[in-house]
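The structure appears right after this line, and notes come after that.
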Amino acid sequence: MTEPTMIEARDLTKYYGPFVAVERVRFAIPRGQIVAFLGPNGAGKTTTMKMLTGYLAPSAGSAHIAGLNVHRDRLPAMRALGYLPENGPLYPDMTAAELLRFFGEAREIESGRLTARIEEVTALCALDQVLEKPIGKLSRGLRQRVGVAQALLHDPDVLVMDEPTAGLDPNQIREFRRNIRRLGAEKTVLISTHILREVEAVADRVLLVHRGRLVFDGAPAELSRDGSLEETFYRLTAADAAEADGASSTREAA
């Protein structure tokens, strides 16, 4: 039986004046798939994710979560979505417990269920020892784990995470990968990254963007079929590196 499509980009396009940040990106992700959204810095990953999650309006095309247009049916779509931005909005004066309860109440989660969900995500993200500490006093890695916890709080069907392992130490990254693989058995997960090890460790599928365009869509094994992931990544995005070197040489000559 075919799984329903949970994340869909339909010719997503974003212009900033004459600059094309994202151009006609199209893909569909079914339930139960973990997808790595891969690309060099500045390739359009974050812009695409913001359009997919309704935080940025596209110049053309549309984004859909759980079959819902995120701009036309924003509130129902957001109930199905857990989103971790690259720099998530955490309030430094709140404790981790206060912030999770604040987000839960904002999402109108019933009090008894909210208490249970806070306990569940606290265990999942290993936050037991820091729940009563102000977020402003936590390390970057711990703040990232609080961000992941708030994204999971309402038990969404879809998770979209932008650079979720940034700031985590190796042990925390290993634990995060284990949790993502477990969550991927029942949820749809889209993870933006430029770390190739993340692709090999957790992804069922890779979407590779370059200069705002989708240039590869397939399994990690297909991406590395003719060499290592690093080699294929460089080959598909080499123009950026060459242009950056040329620009640097021009500046030095000037």
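Below, all heavy atoms of this structure are taken into account, side chains as well, without hydrogens, waters or symmetry copies. Predicted, not measured: the structure shown is a model, and the values here were computed from it.
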Please assess Val160 against Leu81 for the test side chain to side chain contact (heavy atoms under 4.5 Å, CB included), listing each intermediate value before the final yes or no. CA-CA 7 Å; Val160 174; Leu81 172 69; 3.7 Å; yes
Taking all atoms of both residues into account, what is the closest heavy-atom pair of Leu214 and Val25, and its distance? N-CG2, 4.3 Å
Determine, for [X] against [Y], whether the closest basic-nitrogen to carboxylate-oxygen distance falls under 4.0 angstrom.
| X | Y | answer |
| --- | --- | --- |
| Asp217 | Arg205 | yes |
| Glu175 | Arg178 | yes |
| Arg117 | Glu119 | no |
| Arg26 | Asp11 | yes |

Quick one: [atom1] on [X] to [atom2] on [Y], what's the gap to the nearest 0.5 Å?
| X | Y | atom1 | atom2 | answer |
| --- | --- | --- | --- | --- |
| Glu3 | Gln33 | CD | CD | 10.0 Å |
| Thr122 | Leu100 | OG1 | CG | 5.5 Å |
| Lys133 | Leu127 | NZ | CG | 11.5 Å |
| Leu153 | Arg101 | CG | CZ | 9.5 Å |

Might you work through the side chain to side chain contact (heavy atoms under 4.5 Å, CB included) test for Gln150 and Val121, ending with a clear yes or no? CA-CA 8 Å; Gln150 70 79 21; Val121 299; over 6 Å; no
Report the C-alpha separation of Glu222 and Phe216 in whole Å, then their side-chain angles, then the decisive distance to 0.1 Å, and conclude whether the side chain to side chain contact (heavy atoms under 4.5 Å, CB included) test is met. CA-CA 10 Å; Glu222 295 175 37; Phe216 178 85; 3.9 Å; yes
When you compare the side chains of Thr46 and Asp162, does any donor N or O come within less than 3.5 Å of an acceptor on the partner? yes
Between Val148, Ile191, Thr188, Leu152, which is the residue that forms a side-chain contact (heavy atoms from CB on, under 4.5 Å) with Leu159?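 In the set Val148, Ile191, Thr188, Leu152, the residue that makes a side-chain contact (heavy atoms from CB on, under 4.5 Å) with Leu159 is Leu152.
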Report yes if some heavy atom in the side chain of Glu8 is under 4.5 Å from a heavy atom in the side chain of Phe27; otherwise report no. no
